[in-house]
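In this text the structure is predicted, and so the values were computed from the model without any measurement.
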Amino acid sequence: MMQQLNLFTEKNCSHCGEPMAPNPKAPHLANGFYDQDTQELVHWHCKATHYEKKYKKGMDGLYSEVPLFL
């Protein structure tokens, strides 16, 4: 299942606060993912921080990364 972002609405990473920009290697995809468990948008460079916080919340072992089409 793919999550689609609205190009006219600014969506930011839940951890660093930067906008979810297009992926340089695949411009039709965002440079991150949507986590269905936490309902957060996460940049690829914030992935480690995201899973550390998810682990502390008792959500370890849950990996629900959904690609984001732009």
**OP:** Would you list the pairs meeting side-chain hydrogen bond (donor to acceptor under 3.5 Å, both in side chains) in which at least one residue belongs to residues 20-30, sequence neighbours left out?
**Re:** none
**OP:** Mark yes or no for whether S14, through its side chain, and V42, through its backbone, hold a donor-acceptor pair below 3.5 Å.
**Re:** no
**OP:** For K53, check side-chain hydrogen bond (donor to acceptor under 3.5 Å, both in side chains) against everything at least two apart and list the hits.
**Re:** none
Original post:
Do C46 and E18 have side-chain heavy atoms sitting under 4.5 Å apart?
Top reply: no
Subject >> With sequence neighbours excluded, residues passing side-chain hydrogen bond (donor to acceptor under 3.5 Å, both in side chains) with E65 >> reply: K47, Y51
**OP:** Indicate yes or no: at least one non-hydrogen side-chain atom of F33 is less than 4.5 angstrom from one of H43.
**Re:** no
Subject >> side chain to side chain contact (heavy atoms under 4.5 Å, CB included) against P19, all qualifying residues, sequence neighbours excluded >> reply: E10, N12
Subject >> Transitive ILVMFWY cluster of L62, excluding itself - 4.5 Å side-chain cut-off >> reply: M59
Original post:
Residues two or more places apart in sequence or in another chain: which of them pass side-chain hydrogen bond (donor to acceptor under 3.5 Å, both in side chains) with D37?
Top reply: K54, S64
**OP:** For H50, enumerate each residue passing the side-chain hydrogen bond (donor to acceptor under 3.5 Å, both in side chains) test, keeping only those at least two apart in sequence or located in another chain.
**Re:** H15, D35, E40
Original post:
Is it the case that one hydrophobic cluster holds both V66 and L41, taking links as side-chain heavy atoms less than 4.5 Å apart, direct or via other members?
Top reply: yes
